[in-house]
Amino acid sequence: MSDHELRVSKIRNGTVLDHLPGGSALNVLALLGIDGSGGTGVSVAMNIPSDRLGTKDLVKVEERELSQDEVDVLALIAPRATVNIVREYEVTEKNRVERPERVEGVLVCPNSNCITNADEPVHSRFAVLDDGVRCEYCDEIVREGIADHLKVE
Ligand code: CTP
Ligand code: ZN
């Protein structure tokens, strides 16, 4: 995006999550446990025109460098995301997310009889497939709307 189209100010230090699917930013923030309560800057732009994606969302988290591990889980809802680390206004690292092999404690199994939803719940664990995720306890598969199954803390 050229500078005259800039929607959110550049940041001095932090992480810029770019190329998120249009409309996904709030789910991305929930997934990363970012709710603004820390008092540092969080900027969100949604449904911005993008050459590559049609529309995209953008999230800037100031004063925090998200690790590759933290953002790998993002691949489930934002497979084409770019993670930019910014230091003193310069992008010092640019990484793509990578699909993790499994995600633990992040999703809630949609099968109400699953042991992960029992009274004394077991930590959920899903294997990541090419086209969805599979509960490793009951084999339930989620293909669409994975973000609807995010565990809300
Ligand atoms: N950015 C920022 N603050 C900075 C530097 C960069 O908010 N001090 C943002 C830019 O606005 C952009 C993202 O970080 O959204 C990546 O910056 P840059 O690599 O300079 O942009 P592009 O070349 O457009 O990125 P890409 O090639 O990944 O599309
Ligand atoms: Zn299950």
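Positions are given from 1, in the same order as the sequence printed here. Note that the coordinates shown come from a computational prediction; the quantities given were computed from them, not determined experimentally. For ligands, and for the atoms within them, numbers begin at 1 and follow the listed sequence.
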I'd like to check whether Lys94 has a polar contact with ligand 1, where a contact means an N/O of the residue lying under 3.5 Å from an N/O of the ligand.
yes
Main-chain N/O of Arg64 paired to Thr15 side chain as donor or acceptor, under 3.5 Å
yes
The atoms of ligand 1 lying under 4.0 Å from a heavy atom of Asn84, numbered in the order shown, are 13 (C), 16 (C)
With heavy atoms of Asp18 as the reference, note each atom of ligand 1 found under 4.0 Å away.
15 (O)
For the side chain to side chain contact (heavy atoms under 4.5 Å, CB included) test, which of Thr82, Leu66, Leu58, Asn84 pairs with Leu17?
Leu66
Does any N or O of ligand 1 fall below 3.5 Å from an N or O anywhere on Tyr89, backbone included?
yes
Test item: Val142 and Pro110 side chains (from C-beta on) under 4.5 Å apart, heavy atoms
yes
At a non-hydrogen distance cut-off of under 4.0 Å, which region of Arg12 contacts ligand 1 (side chain, backbone, both, or neither)?
neither
Heavy-atom contacts under 4.0 Å between Leu58 and ligand 1: side chain, backbone, both, or neither?
side chain
Hey, any chance Val108 and Val103 share a hydrophobic cluster, counting ILVMFWY side chains that come within less than 4.5 Å of each other, even indirectly?
no
Using a 3.5 Å distance criterion without hydrogens, assess whether the side chain of Asn117 forms a donor-acceptor pair with backbone atoms of Asn111.
yes
With side-chain contact (heavy atoms from CB on, under 4.5 Å) as the criterion, how do Leu107 and Leu150 come out once you've worked through the C-alpha distance, each side chain's angles and the decisive distance to 0.1 Å?
CA-CA 5 Å; Leu107 301 171; Leu150 288 176; 3.7 Å; yes
So, for Val8 and Ala45, which heavy atoms are closest and what is the spacing to 0.1 Å?
CG2-CB, 3.9 Å
Using a strict cut-off of 4.0 Å, indicate which atoms of ligand 1 neighbour a heavy atom of Lys60.
2 (C), 7 (O), 11 (O)
Any idea how many protein N, O or S atoms are nearer than 2.8 Å to the Zn ion (ligand 2)?
4
Need the ligand 1 atom indices (1-based, order shown) with element for anything under 4.0 Å from a heavy-atom of Val86.
4 (C), 8 (N)
What do you reckon, is CD1 of Ile115 surrounded by more than 12 foreign heavy atoms closer than 6.0 Å?
no
For Arg52, which part has a heavy atom under 4.0 Å from ligand 1: side chain, backbone, both, or neither?
side chain
Should the proximity of Ile11 to ligand 1, defined as any heavy atom under 4.0 Å, be assigned to the side chain, the backbone, both, or neither?
both
What are the two closest non-hydrogen atoms of Asn47 and Asp57, and how far apart are they?
N-OD1, 2.7 Å
Glu88 CD: over 12 foreign heavy atoms closer than 6.0 Å:
yes
May I ask you to check whether over 12 heavy atoms, not counting those of Asp51, lie within 6.0 Å of atom CG?
no
Looking only at non-hydrogen atoms, which of Arg87, Glu62, His19, Lys10 approaches atom 29 (O) of ligand 1 most closely?
His19
